[in-house]
Amino acid sequence: MNKIAIPLENGQLCLHFGHCQQFALIRIENNVIVSENLVTPPPHEPGLLPGWLAERGVTDIIAGGIGQRAISLFNEQNIKVNVGVPTKTPKELVSDWIEKSLITGVNACDH
C-alpha cells in the first residue's frame with residue numbers, strides 16, 4: 001500500500017509545495033487507486049507539513065517544487081519525494097507514478 005500526497009492549486013499540481021490550497025491524498029493498492037481525498041493543510045509554517053502528512057499515512061510525495069529542508073524532513077519520516085514533475089491533475093500524476101513513467105526534473109523551488 002502506498003499513499004501519495006500531491007499539493008494542489010485550483011485542482012492542478014501546485015508548484016510551491018508549502019503554499020498549496022489543498023493536498024490530494026491518493027491511496028494505491030496493487031497498482032490500483034482505491035481512494036482519493038482532498039484535505040486542507042494547516043497554515044504554512046516551515047517544517048510542519050512533513051509530520052502532518054506522515055500522521056496521515058503518506059508514503060510518497062509528488063511535487064513540482066519543494067524546499068531542501070522539507071525534503072530532508074520527509075526523508076526522516078521515510079517518505080519518498082518525487083520533485084520537478086510537470087503540472088497535471090492528481091490522477092494523471094498518480095497514473096504516471098503507477099506506470100513508472102512519472103517525469104521528474106529540476107526542483108521548481110529555489111530555497
Side-chain angles (χ1 to χ4, degrees):
M1 191 280 295
N2 290 81
K3 187 182 271 188
I4 300 176
I6 302 172
L8 301 178
E9 186 172 323
N10 300 320
Q12 296 272 339
L13 176 72
C14 177
L15 292 180
H16 198 291
F17 183 87
H19 294 279
C20 67
Q21 296 169 335
Q22 292 182 305
F23 281 96
L25 299 183
I26 301 176
R27 191 169 152 213
I28 300 162
E29 291 181 13
N30 300 317
N31 289 330
V32 176
I33 296 172
V34 294
S35 69
E36 179 179 349
N37 297 306
L38 298 178
V39 295
T40 301
H44 180 67
E45 183 179 318
L48 178 69
L49 290 175
W52 184 79
L53 288 168
E55 288 172 2
R56 282 146 187 80
V58 169
T59 60
D60 298 84
I61 301 290
I62 294 177
I66 185 170
Q68 290 302 313
R69 180 168 180 252
I71 291 172
S72 295
L73 292 171
F74 278 118
N75 289 336
E76 288 175 14
Q77 298 279 353
N78 294 316
I79 296 173
K80 185 174 191 267
V81 179
N82 300 277
V83 71
V85 300
T87 300
K88 293 184 176 183
T89 67
K91 284 196 176 179
E92 290 172 317
L93 292 167
V94 171
S95 292
D96 291 348
W97 184 89
I98 289 170
E99 295 168 8
K100 299 189 184 337
S101 63
L102 182 68
I103 297 170
T104 58
V106 176
N107 190 345
C109 185
D110 61 2
H111 66 276

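The first residue in the sequence is number 1, and the count goes up from there.
- Across every non-hydrogen atom of I66 and V81, the tightest pair is CG2-CG1, 4.2 Å.
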Exercise answer: donor-acceptor pairs, residues 42-61 side-chain atoms, under 3.5 Å, sequence neighbours excluded:
unit_1	atom_1	unit_2	atom_2	d
H44	ND1	G18	O	2.9
R56	NH1	W52	O	2.7
T59	OG1	N2	ND2	3.4
T59	OG1	K3	N	3.0
T59	OG1	K3	O	3.2
D60	OD1	N2	ND2	2.9

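- Pairs of residues two or more places apart, or lying in two chains, that qualify as salt bridge (charged side-chain N to carboxylate O under 4.0 Å, His left out) and include a residue from residues 14-28 are R27-E29.
- Under the rule for a ring pair (Phe, Tyr, Trp, His ring centres under 6.0 Å), the partners of F23 that lie at least two apart in sequence or sit in another chain are F17.
- Residues passing the side-chain hydrogen bond (donor to acceptor under 3.5 Å, both in side chains) test with T89, sequence neighbours excluded: E92.
- Of the inter-residue distances, the one linking H19 atom NE2 with C14 atom SG reads 9.0 Å to the nearest 0.5 angstrom.
- Side-chain heavy-atom separations under 4.5 angstrom define the hydrophobic clusters, and the remaining members of the one that includes L15 are I4, I6, L8, L13, I26, I28, I33, L38, I62, V85, L93, V94, W97, I98, L102.
- Here S101 pairs with D96, E99 under the side chain to side chain contact (heavy atoms under 4.5 Å, CB included) rule; sequence neighbours left out.
- Judged as a side chain to side chain contact (heavy atoms under 4.5 Å, CB included), and not counting sequence neighbours, S72 has no contacts.
- Within the structure, no pair that satisfies the salt bridge (charged side-chain N to carboxylate O under 4.0 Å, His left out) test touches residues 9-22, not counting sequence neighbours.
- Applying the salt bridge (charged side-chain N to carboxylate O under 4.0 Å, His left out) test to every pair with at least one member in residues 71-86, sequence neighbours left out, gives no pairs at all.
- What you find for C20 and P41 is that their closest heavy atoms are O-CG, 3.9 Å.
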